[in-house]
**Q** 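Dropping the structure in here first, questions after.
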Amino acid sequence: MSIELLRDVSDSRWMRYVASTGGEMWSRWDMQEAPPDILITNYSMLNIMMMRSLERNIFDATKAWLAAPDHPERQFLLIIDELHAYRGTPGTEVAYIIRLLLHRLGLEIDSPKLRILTTTASLDNDSRGRKFLREFFGRDNFAFVAGEQIQPTPGARTLLQPYAKAFADFAKRIQADIFAGPPDLSANEIPAEMDVLAKQLGGAGGSTASERLGESLFQIQAADAIRDACVAANGSVRPTRAPDLDSKLFPGLLSQSENSSIVSDAMRGLLLALGMSRRQSNGRSPQPVRGHFFFHNLQNLWACCDPHCTDGNADQQERSAAQPSERPPVGALHSTHRIACSCGSRVLDLIVCEVCGDVFLGGYKAERHLGAQKCTILTPDQPDLESMPDRVSLSQSHDQYAVFW
């Protein structure tokens, strides 16, 4: 999320100057000395800037620039991206930061010198949307600028089913291993494979393999088919999960896929073909597609401290087959906190070095006496029972917490 603060840069001569010479400032000290025409920041930094005397000139100079009597046409542009993200208590805080900013610049909320532009993907031009704008900005003279969605041909999603095998074979030939990365487009065999697929799709003209493939995809209405599949899965043309698209375009084929994938080989081949093809008329794919991958990082992980663990989650066959130097230094992994493993050994925090991959075990320290010898043991929980519950400290400081390598 970013907030962009702009002074009027509509002068085409100024824009040409920036384009030809480069006007980006890299130093905060330069900005303090000569406030830039365009400032891109986030609300946290903007709040800090308004509290620091070092940044005062940025606001004072902009205020004087706006108030110049011989330039009544000057405007201050406030641009906020992803407006729908500013909701609830955090959104209220940002709204008050904006009000404080306008006060520092000497601008009333309805001043003709203030122009607000914002982007959002989920704010409608209805009573709820206008209520949100009114409460966030304190004004209600907004115009909604939205594009009209062209509806796909109903039933177009079935048009690609006759070509399912062609797409699947294409994917297997140019990307046999889905985990080896994208196909090398500079490889000599890739254009030939694109031509093979283009002919299987009916063939079309073009000066290059990518253009011939693009025109062939356009000819079989691949773009309309994908958009209709989105409608079938979500009710409108909007972001759709790849498996949902696959089930509408190539129903039943995922179970026949030869790869461990979330989509069928046919769907994979279609996506690869769209990404590698170009139309003659505009040099773009017949249907540009943007994919998002979401990864969930584990917040906590625990491990049995016995490398000879007999828990069912520890693969004994794989451990036995590995060389001694390659065997895991810990036992079974656990996704939930527990005192002991099923094998009877203690379970501790699993810590892995991001740089070298070394494995560590972490736990709270407790002093114990084994006969005449004093030793330190690690426990998965706070060992200071005498201080519980009101005086116990859960912090992992050096005198309470230890890491074992």
Side-chain angles (χ1 to χ4, degrees), residues 1 42-45 47-48 51-52 85 87-94 177-181 260-262 292-405:
M1 296 181 289
N42 58 60
Y43 57 85
S44 298
M45 195 63 234
N47 188 36
I48 293 172
M51 292 189 293
R52 296 200 303 204
R87 294 183 178 275
T89 301
T92 302
E93 294 175 356
V94 175
D177 183 0
I178 62 176
F179 299 109
S260 299
S261 176
I262 61 172
H292 293 269
F293 292 90
F294 297 94
F295 297 91
H296 175 67
N297 291 323
L298 292 173
Q299 297 300 312
N300 296 95
L301 202 59
W302 294 266
C304 171
C305 62
D306 184 3
H308 305 291
C309 173
T310 58
D311 186 271
N313 290 323
D315 192 326
Q316 302 301 328
Q317 184 176 355
E318 186 174 340
R319 287 169 179 257
S320 301
Q323 296 295 324
S325 60
E326 297 177 352
R327 290 172 187 167
V330 296
L333 301 184
H334 299 279
S335 60
T336 57
H337 177 269
R338 63 186 66 194
I339 301 295
C341 181
S342 66
C343 71
S345 299
R346 184 164 296 156
V347 173
L348 297 171
D349 296 339
L350 177 67
I351 303 170
V352 180
C353 176
E354 291 186 358
V355 178
C356 66
D358 263 359
V359 171
F360 304 81
L361 292 172
Y364 290 95
K365 293 189 295 185
E367 303 294 335
R368 294 290 185 270
H369 286 86
L370 297 177
Q373 186 178 7
K374 182 180 179 181
C375 65
T376 299
I377 65 171
L378 297 184
T379 66
D381 270 325
Q382 173 58 250
D384 188 8
L385 300 180
E386 298 298 327
S387 299
M388 296 183 75
D390 53 340
R391 291 185 293 113
V392 70
S393 172
L394 297 179
S395 62
Q396 296 176 334
S397 58
H398 73 281
D399 60 336
Q400 294 178 306
Y401 194 83
V403 173
F404 175 77
W405 182 22

**Q** Checking Lys365 against Ile377 for the side chain to side chain contact (heavy atoms under 4.5 Å, CB included) test, could you report, in this order, the C-alpha distance in whole Å, the side-chain angles of both residues, the deciding distance, and whether it holds?
**A** CA-CA 6 Å; Lys365 293 189 295 185; Ile377 65 171; over 6 Å; no
**Q** If every non-hydrogen atom of Cys309 is compared with every non-hydrogen atom of Cys343, which pair is closest and at what distance?
**A** SG-SG, 3.8 Å
**Q** Working to the nearest 0.5 Å, report the span between CD of Glu326 and CD of Glu318.
**A** 10.5 Å
**Q** What pairs with Glu367 under side chain to side chain contact (heavy atoms under 4.5 Å, CB included), at least two apart in sequence or on another chain?
**A** Lys374, Thr376
**Q** Considering all heavy atoms of both residues, which atom of Trp405 and which atom of Val359 are nearest to each other, and what is their separation?
**A** CD1-O, 3.9 Å
**Q** Let me confirm one number: the CZ-CG distance from Arg368 to Leu370, rounded to the nearest 0.5 Å.
**A** 10.0 Å
**Q** For the residue pair Pro328 and Arg319, establish whether any side-chain heavy-atom pair is separated by less than 4.5 Å.
**A** yes
**Q** Checking side chain to side chain contact (heavy atoms under 4.5 Å, CB included) for the pair Leu333/Asn313: CA distance, chi angles, key distance, verdict?
**A** CA-CA 7 Å; Leu333 301 184; Asn313 290 323; over 6 Å; no
**Q** So if I apply the side chain to side chain contact (heavy atoms under 4.5 Å, CB included) rule between Trp302 and each of Leu361, Val330, Asp349, Leu350, which one comes out positive?
**A** Asp349
**Q** Using every non-hydrogen atom in the two residues, find where Thr379 and Leu348 come nearest and quote the distance to one decimal.
**A** C-CD2, 3.8 Å
**Q** Name all residues meeting the side chain to side chain contact (heavy atoms under 4.5 Å, CB included) criterion together with Asp306; count only those two or more places apart in sequence or in a different chain, and write none if there are none.
**A** Cys304, His308, Ser345
**Q** Would you compute the distance between atom OG of Ser335 and atom CG of Asn300 and round it to the nearest 0.5 angstrom?
**A** 10.5 Å
**Q** With Val347, which of Cys341, Ser342, Pro380, Cys305 fulfils side chain to side chain contact (heavy atoms under 4.5 Å, CB included)?
**A** Cys341
**Q** What are the two closest heavy atoms between Ala402 and Leu378, and how far apart are they?
**A** CB-CD2, 3.6 Å
**Q** When rounded to the nearest 0.5 angstrom, what is the spacing between CD in Gln316 and CG in Asp311?
**A** 9.0 Å
**Q** Would the distance check show the side chain of Arg327 and the main-chain N or O of Ala322 forming a donor-acceptor pair, the cut-off being under 3.5 Å?
**A** yes
